[in-house]
Amino acid sequence: MSSTVETPAGTGAAGASDTADVVAELRARGVSDVDDSPLARALYSTDASLYRILPQVVVRPREADELDAVLDAARVTQTPITMRGAGTSIAGNAVGPGIVVDTRRHLDRVLEIDPEARTARVQPGVVHADLQRAAAPHGLRFGPDPSTHPRCTIGGMIGNNACGSRALGYGRTVDNVVALDAAFGPGAGSRADVEAGLARVVDGHLGHVRTTFGRFGRQVSGYSLEHLLPERGRSLDRLLAGSEGTLALIREATVRLVEDPADPQLVVLGYPSMIEAADAVPALLAATVGQEDAAMTACEGLDARIVELVRAKGNAVPDLPPGAGWLFVELVGPDARALVGRVVAESGALGHRHVGSAAEATALWRIREDGAGLAARSLKTPAYSGWEDAAVPPERLGAWLRDFDGLLRDHDLDGVPYGHFADGCVHVRIDFPFAPGDAGSSRVFRDFLTACALKLREHGGSLSGEHGDGRARSELMPLMYDAESLRLFAAVKAVCDPTNLLNPGNIVDPDPLDEALRPVRERLPITPLLRLPHDGGSLGDAVHRCTGVGKCVAPRTTGVMCPSYLATHEEKDSTRGRARVLQEAVTGGLPGGLADPAVTDALDLCLACKGCASDCPTGVDMATYKAEALHQKHDVQGVRRPRSHHLLGRLPRWADLAAPVAPLANALTRLGPVARIARATAGIDQRRSIPAFARRTLRRSAPPVTGTPDVWIWADSFSDHFFPGNGHAAIEFLEARGLTARVVPADACCGLTLISTGQLDAARTLMRRTVERLRPYVASGVPVIGLEPSCLATLRSDAEELVGEMPDVLTFAELVTRLDLELPDLTGVEVVAQPHCHHHAVLGWAADQALLEKAGATVTRVAGCCGLAGNFGMEQGHYDVSVAVAETHLLPAVRSHPDAVVLADGMSCRVQLDDLADVPTLHLAELFASRVR
């Protein structure tokens with residue numbers, strides 16, 4: 001169904017009444033995936049930048065030929081087109097008012113790898129990491145590697161002329177483009193016509209082009225006209241790299257591959273500050289020039305504040321040399337190890353570390369890759385992009401950083417720099433004082449960017465070093481280039497896109513840099529029930545944590561985030577997609593607010609796994625936001641709840657009532673007709689089994705409490721009513737080690753199922769009672785442990801949200817580690833472990849893994865989510881996605897290790913494995929107890 005369009009001023013978008021015509025013209029030309037729903041428009045209204053522009057329609061072409069159909073429909077309706085890959089553009093290059101074309105969804109095939117020619121032929125939506133996987137069997141790789149490489153697309157890299165950490169060794173994207181199959185704007189004519197027109201433009205200004213463009217490697221602002229010089233082969237394909245979709249659409253690309261080096265060496269150099277690190281760059285470059293059998297492929301700067309943020313989240317960081325800023329230097333080649341000494345000698349560093357472990361090197365590079373997201377949360381207030389990737393000749397880097405630091409102070413701002421220091425390219429996130437509802441708060445943003453552009457000109461720098469100019473910097477182009485250069489840009493645009501339909505508002509005839517800024521949008525007056533302490537109690541601030549860097553849309557992951565996206569590959573099912581829809585809801589962009597159908601659609605497949613809370617660099621916690629959104633929808637706005645909320649959401653209450661007659665209840669639910677009626681009544685999918693109640697609860701079957709034990713075991717509802725064996729095993733193992741363990745007799749439910757269904761009033765009451773009941777046990781000094789990861793994680797996270805207090809309750813592994821208990825001998829035992837998502841995200845599974853390996857087990861830790869996630873996988877309408885999530889990691893791991901012990905502490909994981917794989921599972925306590933009997 002077509003809808004009206006909110007059109008920001010200054011975008012040149014077609015009128016609101018034209019949306020139905022645009023949709024009709026697209027469909028008439030065979031474009032099959034056309035979506036003008038409020039949900040789709042919200043999802044694609046922003047990228048990783050500060051800008052928000054609602055498109056009229058989103059198109060996800062299934063074949064390259066559909067791009068020509070899109071162009072023709074745009075010509076007829078005079079509707080602008082914005083190309084989009086992974087939506088990780090930081091300058092606002094991938095948002096637009098007309099047709100947004102998502103190439104990542106379907107145009108994602110590697111068409112050919114030619115190992116002899118060392119080339120790859122790909123569609124524009126191919127994810128960088130997928131190309132690497134396709135090239136790896138041939139010992140090859142695509143050279144440039146942006147920090148977003150797990151999810152960025154080759155088409156997007158071409159659009160922005162992306163570079164990445166190793167451009168020093170392998171060049172920019174433009175240096176690796178062999179040929180492009182491009183479609184130019186309506187009226188441009190054939191490729192030959194375009195090439196002839198561009199030659200006429202440049203030939204009248206050869207001297208100017210030769211002296212103005214291509215002065216240093218990271219000069220990528222504007223159009224790179226040096227590629228049109230006759231002595232450079234008049235390469236139209238290379239001109240298009242970095243043109244940000246303003247000159248052509250890319251149907252297909254042939255790119256160069258390079259040999260993947262073996263045994264790269266990483267040296268970390270420490271400096272008093274990032275400025276001193278920048279000062280050292282010229283000497284490091286000189287030290288590695290002219291080496292025949294070794295080369296420096298990367299020299300990256302990283303601010304200590306980013307690393308401290310990683311540590312503050314409880315994540316381990318490999319040892320680093322002293323300093324407040326570091327350079328990560330990578331060396332490759334047969335003599336790379338020998339070159340390490342020379343680099344260290346010339347570095348002038350406070351200290352250094354030659355990282356010998358590949359695992360530690362990977363961990364350090366991962367911190368660098370997460371720099372954009374981490375930097376956004378590294379200051380007291382949120383830090384933003386905008387002045388994101390300016391570059392100077394490397395020999396000017398130290399001087400530029402000193403001036404830049406002065407500009408920050410002059411404008412009462414702070415920023416955390418990092419980036420590609422050997423290329424003179426600096427990334428930074430800055431705490432601009434944007435205020436929701438106050439458009440005037442963008443004045444500092446405008447003033448600072450203008451001052452930076454003027455100062456950068458003194459250093460001969462480039463407004464952009466790899467991310468493109470976009471909406472953030474195109475308006476500043478006259479401060480970098482003279483009038484003749486700007487006229488040349490306009491002439492090039494006129495040749496390639498004479499009707500100005502390709503990504504207008506960028507580079508040529510730009511929109512104002514402070515127009516359509518997302519952070520200054522007014523927010524609705526929403527009073528959350530949850531405390532949201534990390535966001536000042538503001539749901540608006542919480543959902544705006546998402547900066548769009550898109551780690552959640554990587555098609556493969558070694559973490560948990562985002563399970564449903566891995567199953568569906570739909571933007572709406574990603575953490576980012578949900579955050580964008582919630583942002584629209586809290587700022588009035590959706591008429592129903594948090595009760596709008598678009599919000600319901602976006603949150604429907606959220607498993608509330610909390611994977612994003614740990615895996616997202618900016619700390620988005622979608623499980624918490626979903627709980628609050630459901631509360632606002634049902635309890636504040638009065639929308640009727642589904643049956644599953646009342647039944648599955650109150651499962652512990654029904655378990656309490658069933659406990660006295662558990663054998664009878666189990667017998668009834670094993671009867672086919674009764675089971676079908678029970679499932680239908682509760683809103684459970686008919687393909688699901690109904691978990692059996694324990695014949696006797698943990699609290700009733702545990703040894704009686706006499707005196708004060710050495711360890712208290714908290715009987716959460718799941719361990720109490722469904723898996724009491726966890727508690728008995730913990731008691732058995734601890735007693736075998738000379739300790740007395742007893743079960744807390746109090747009924748103390750954490751309210752997890754109430755929280756996950758958004759019944760927050762009831763959850764708060766229950767949580768307050770539980771915290772009060774556990775307080776004396778925790779205060780006694782006797783360790784208290786929890787056995788169900790999801791319930792324990794609720795105490796360690798949601799309790800703070802609900803009542804502002806978190807009881808100090810340990811995991812079984814944390815207790816064993818703290819007391820340094822003797823471990824059972826697991827030598828020769830193969831373990832496939834599925835950490836519960838909440839265990840991974842909130843509690844951390846490192847202690848469990850360390851104990852297993854110390855005991856001698858061979859451990860395969862399964863990434864991702866089991867797919868059940870409490871009530872999610874049980875509910876009608878979720879079964880297929882639940883199974884698909886299980887198939888991403890868990891089920892393949894179990895099948896490939898048929899003789900392994902399957903370790904799954906969480907009830908959800910155990911039920912899922914029982915339903916889908918029919919394999920026995922053990923809690924860690926059960927495994928340990930089984931070895932001491």
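Scope of the values below: all heavy atoms of this structure, side chains included, with no hydrogens, waters or symmetry mates. Quantities reported herein were computed from a predicted structural model and do not represent experimental measurements.
- The main-chain N or O of Ile99 is never found under 3.5 Å from a side-chain atom of Tyr44 such that the two would form a donor-acceptor pair.
- Salt bridge status for Glu63 with Arg109: present, with a side-chain N to carboxylate O gap under 4.0 Å.
- A salt bridge links Arg104 with Glu571: the distance from a Lys NZ or Arg NE/NH1/NH2 to an Asp or Glu carboxylate oxygen falls below 4.0 Å.
- Between Tyr384 and Phe434, the two ring planes are perpendicular [angle over 60°; tilted spans 30° to 60°].
- Side-chain N/O atoms of Ser485 and His208 include a donor and acceptor closer than 3.5 Å.
- Salt-bridge formation is not detected for the pair Glu195/Arg200: no Lys NZ or Arg NE/NH1/NH2 atom is positioned less than 4.0 Å from an Asp or Glu carboxylate oxygen.
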Legend entry - Step-by-step salt bridge (Lys or Arg N to Asp or Glu O under 4.0 Å) determination, Glu226 to Arg215: CA-CA 9 Å; Glu226 68 272 18; Arg215 293 178 292 106; over 6 Å; no
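- Judged by distance alone, the side chain of Asp497 and the main-chain N or O of Leu501 form a donor-acceptor pair under 3.5 Å.
- In this structure, the separation between CE on Met83 and CD1 on Ile250 is 8.0 Å, given to the nearest 0.5 Å.
- Checking Thr587 against Arg521 by side-chain atom types alone, a donor-acceptor pair falls below 3.5 Å.
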Inset, instruction - Take Leu247 and Val492 through the side-chain contact (heavy atoms from CB on, under 4.5 Å) test and state the conclusion after the steps. - result: CA-CA 8 Å; Leu247 301 181; Val492 166; 4.0 Å; yes
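- Considering CG of Leu43 and OG of Ser574, their distance stands at 7.5 Å, rounded to 0.5 Å.
- A distance of 12.0 Å separates OG1 in Thr246 from CG in Asp509, rounded to the nearest 0.5 Å.
- The two residues Leu239 and Ser224 make their nearest non-hydrogen contact at CD1-O, 3.8 Å.
- When each of Val599, Val543, Leu54 is paired with Glu584, the side chain to side chain contact (heavy atoms under 4.5 Å, CB included) condition holds for Leu54 and for no other.
- Side-chain atoms of Ser221 and Asp469 form a donor-acceptor pair, as typed in the model, at a separation below 3.5 Å.
- The closest side-chain donor-acceptor pair between Ser89 and Asp47, if any, does not fall under 3.5 angstrom.
- Within 6.0 Å of the CZ atom in Arg443, the count of heavy atoms belonging to other residues, nucleotides or ligands does not exceed 12.
- The two residues Asp573 and Ser564 come nearest to each other via the heavy atoms O-OG, 3.1 Å.
- The structure places CZ of Arg576 at 14.0 Å from NZ of Lys551, a figure rounded to the nearest 0.5 Å.
- Between Leu449 and Phe432, the closest heavy-atom pair is CD1-CZ, 3.9 Å.
- Between Arg84 and Asp102, no side-chain nitrogen of the basic residue sits less than 4.0 Å from a carboxylate oxygen of the acidic one, so the salt-bridge criterion is not met.
- Shown here are the side-chain contact (heavy atoms from CB on, under 4.5 Å) partners of Ala188, two or more places apart in sequence or in another chain: Phe184, Val194, Pro498.
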Legend entry - Chi angles and distances behind the salt bridge (Lys or Arg N to Asp or Glu O under 4.0 Å) call for Arg487, Asp482: CA-CA 9 Å; Arg487 285 193 294 270; Asp482 59 16; over 6 Å; no
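- Atom CG of Leu39 sits about 5.5 Å away from atom CG of Asp601, to the nearest 0.5 Å.
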Inset, instruction - Before giving the answer on salt bridge (Lys or Arg N to Asp or Glu O under 4.0 Å), spell out for Arg471 and Glu515 the whole-Å C-alpha distance, their side-chain angles and the decisive distance to 0.1 Å. - result: CA-CA 8 Å; Arg471 299 178 183 277; Glu515 185 176 272; 5.8 Å; no
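- In summary, the side chains of Thr173 and Asn176 do not present any donor paired with an acceptor at a separation below 3.5 Å, with no hydrogens or angles considered.
- Looking only at atom types and distance, the side chain of Arg62 has a donor-acceptor partner in the side chain of Ser32 under 3.5 Å away.
- A salt bridge is defined here as a Lys NZ or Arg NE, NH1 or NH2 lying under 4.0 Å from an Asp or Glu carboxylate O, and Arg29 with Asp65 fails to meet this definition.
- Closest non-hydrogen pair, Val586 versus His544, comes out as CG2-CE1, 4.3 Å.
- Checked by atom type and distance alone, the side chain of His128 pairs as donor or acceptor with a backbone atom of Pro144 at under 3.5 Å.
- Between the side chain of Ser37 and the backbone N or O of Ala40, at least one donor-acceptor pair lies under 3.5 Å.
- Summarising the local packing, CD of Glu522 is surrounded by 12 or fewer heavy atoms from other residues, nucleotides or ligands at distances under 6.0 Å.
- The nearest pair of heavy atoms linking Lys493 to Leu502 is NZ-O, 2.8 Å.
- With values rounded to the nearest 0.5 angstrom, Asp72 atom CG is found 4.5 Å from Arg75 atom CZ.
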Legend entry - Pair Tyr481-Phe213, ring pair (Phe, Tyr, Trp, His ring centres under 6.0 Å): steps then yes or no: CA-CA 10 Å; Tyr481 288 110; Phe213 298 95; 5.4 Å; yes
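- Taking a cutoff of 4.0 Å between a charged side-chain nitrogen and a carboxylate oxygen, Arg251 and Asp68 qualify as a salt bridge.
- Under the 3.5 Å distance criterion, with hydrogens and angles disregarded, a donor-acceptor pair is assigned to the side chains of His427 and Glu466.
- The pair Arg473-Asp389 meets the salt-bridge criterion, since a charged nitrogen lies less than 4.0 angstrom from a carboxylate oxygen.
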